[in-house]
Amino acid sequence: MRASAAKQLTGETSGDASLRDPFGRAITYVRVSVTDRCDFRCAYCMAEDMTFLPRRELLTLEELDRLCSAFVEMGTRKIRITGGEPLVRRDIIGLFSSLSRHLEAGTLQEITLTTNGSQLARFAAELASCGVQRINVSLDTLDPARFKAITRRGDLDRVLAGIDAAQRAGLAVKINVVALKGVNEDEFEPMVRWAHARNMGITFIEVMPLGDIETSRFDQHLPLTKVRAQLAQHFSLQETDYRTGGPARYVRASETGRLIGFITPLTHNFCETCNRVRVTCTGTLYMCLGHEDAADLRTPLRASEGNHVLNAAIREAIGRKPKGHDFIIDRTNARPAVARHMSVTGG
Ligand code: SAM
Ligand code: SF4
């Protein structure tokens, strides 16, 4: 048997032995939640009183590196580090630093980060020196009191200082805004102007029904069709076919020349082109954000020092990736479609 065929059978794959799901979609993008903890308690994301996982259940940073590296060997080209708040995990820069070897080797195209920005002033320069080039910062308002109310404990000035530090370090910043009915509806236009004036992209996100929180999702849910209609009163919005491989659809505001993204998991189906899977901080692989089906990768990871068992578990799980999801929020479906919070699987 030729060596390459033998390698594939044993799960010892080379970079071109890509992971494909039953619908022929190549899985090239992995989002890794490195902690379920966070220094904020955003009202749409977490309950005020959250119970977090015991630390012993988390994968160590070395295990996270091994897991990410196994995906890279199987064709992953982009890794996004998320959480919880990834930058509150102790020594997290060590993970960025060790994964940067794949960037240097050219086997990984990109490591990105989604953060609430609270720790960015501290870490921006180190992230840049680990090869991170772009980050997403979640920011739903530019009003300090409102920011405190949404995040329940965040400090807007600190996040803004973090964004400054990131830009100074040369990181491209995109702002993610969750559109919240009756909360930040009057800020969409000023936030677009603010972001574009600072050379930052901006994307609006619909609230997704993930995890139990105190309030009803129906109270928070604002269809992005309304956000877009509102923005169209202030900007002339040109359709674009710009895609990042993700669920966002983009329009260009002629007045600023820059893009505005819309992520509409509830009102628009983006599953046909889905190239991603998610791994939690305990090593659970979720093949779809909207489904409960998952695979435990921690046990195979710890079962042996080689990657045979782990690779086989990953391939078996990708073989179960569903075709799509079906989130619904309306008056009769105000309960979460999926019980876990976004902070468990990452955004
Ligand atoms: N803590 C980091 C942050 O806030 O950017 C990373 C994790 S957070 C879970 C990732 C993204 O998910 C954030 O942009 C956040 O606004 C978004 N998010 C959290 N819960 C959500 C929900 N129920 N529906 C839609 N977006 C949500
Ligand atoms: Fe924390 Fe991000 Fe969730 Fe806000 S959205 S509570 S910052 S994990």
Side-chain angles (χ1 to χ4, degrees), residues 31-50 52-53 80-89 92 112-120 123 134-141 147-156 158-159 162-163 166 173-181 183-184 191 201-224 227 246-248 261-267 270 276 278-281 286 289-290 325 327-329 334-347:
R31 294 189 169 212
V32 184
S33 174
V34 295
T35 176
D36 64 329
R37 289 168 197 254
C38 187
D39 49 347
F40 292 180
R41 293 287 182 281
C42 300
Y44 51 81
C45 176
M46 291 192 183
E48 169 90 71
D49 187 18
M50 288 289 286
F52 294 111
L53 292 163
R80 178 174 294 279
I81 303 294
T82 179
E85 174 46 43
L87 297 184
V88 301
R89 174 131 189 203
I92 190 64
T112 57
L113 165 74
T114 301
T115 175
N116 66 22
S118 69
Q119 313 297 317
L120 260 182
F123 292 124
R134 301 189 305 137
I135 60 171
N136 289 355
V137 179
S138 306
L139 180 62
D140 306 323
T141 175
F147 185 79
K148 181 75 87 189
I150 294 173
T151 61
R152 294 186 178 122
R153 51 190 70 178
D155 174 0
L156 178 64
R158 204 168 149 165
V159 172
I163 292 172
V173 179
K174 180 164 76 72
I175 302 295
N176 281 346
V177 182
V178 177
L180 297 162
K181 188 157 84 183
V183 177
N184 58 0
M191 286 196 77
I202 185 165
T203 293
F204 292 91
I205 307 176
E206 263 176 23
V207 176
M208 288 183 259
L210 298 176
D212 254 326
I213 51 169
E214 292 90 346
T215 49
S216 154
R217 302 281 175 192
F218 185 70
D219 292 341
Q220 301 176 332
H221 185 239
L222 182 67
L224 292 194
V227 177
F262 298 96
I263 299 184
T264 56
L266 302 170
T267 54
F270 56 83
R276 64 196 56 197
R278 294 172 162 82
V279 183
T280 70
C281 53
Y286 284 97
L289 188 59
H325 66 64
F327 289 131
I328 302 170
I329 295 184
R335 305 294 304 154
V338 170
R340 62 185 189 275
H341 291 88
M342 187 73 127
S343 50
V344 173
T345 15

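Computed over heavy atoms, backbone and side chain alike; hydrogens, waters and symmetry mates excluded. We count ligands from 1, going down the list as the structure has it; atoms in each ligand are counted the same way.
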Answer yes or no for Cys45: is there an N/O/S atom below the 2.8 Å cut-off from atom 4 (Fe) of ligand 2?
-> no
Fill in: Derivation and outcome, side chain to side chain donor-acceptor pair (under 3.5 Å), residues Arg278 and Ser33
CA-CA 8 Å; Arg278 294 172 162 82; Ser33 174; over 6 Å; no
Within 4.0 Å of some non-hydrogen atom of Gly84, the atoms of ligand 2 are 8 (S)
Ligand 2 to Phe40, heavy atom cutoff 4.0 Å, flagged ligand atoms 6 (S), 7 (S)
Judging by distance only, is a nitrogen or oxygen of [X] under 3.5 angstrom from one on ligand 1?
X      : value
Thr82  : no
Glu85  : yes
Gly84  : yes
Thr115 : yes

**Request:** State if Glu206 counts as touching ligand 1 under the rule of any non-hydrogen atom under 4.0 Å.
**Result:** yes
Atom 1 (Fe) of ligand 2: of Ala43, Ser138, Pro86, Cys38, the nearest heavy atom sits on Cys38
Note: heavy atom closest to atom 6 (S) of ligand 2, options Gly154, Ser118, Cys42, belongs to Cys42
CA sep, side-chain torsions, deciding dist, call: Ser138, Asn116, side chain to side chain donor-acceptor pair (under 3.5 Å): CA-CA 5 Å; Ser138 306; Asn116 66 22; over 6 Å; no
*Please walk me through it: do Asp140 and Thr151 pass side chain to side chain contact (heavy atoms under 4.5 Å, CB included)?*
CA-CA 9 Å; Asp140 306 323; Thr151 61; 5.9 Å; no
Atoms of ligand 1 under 4.0 Å from any heavy atom of Gly83, numbered from 1 in the order shown, are 7 (C), 9 (C)
For Phe262 and Phe204, take the angle between the two ring planes, folded into 0 to 90°, and tell me which bin it lands in: parallel under 30, tilted 30 to 60, perpendicular over 60.
parallel
Side chain to side chain contact (heavy atoms under 4.5 Å, CB included) evaluation trace for Ile135 with Thr112: CA-CA 6 Å; Ile135 60 171; Thr112 57; over 6 Å; no
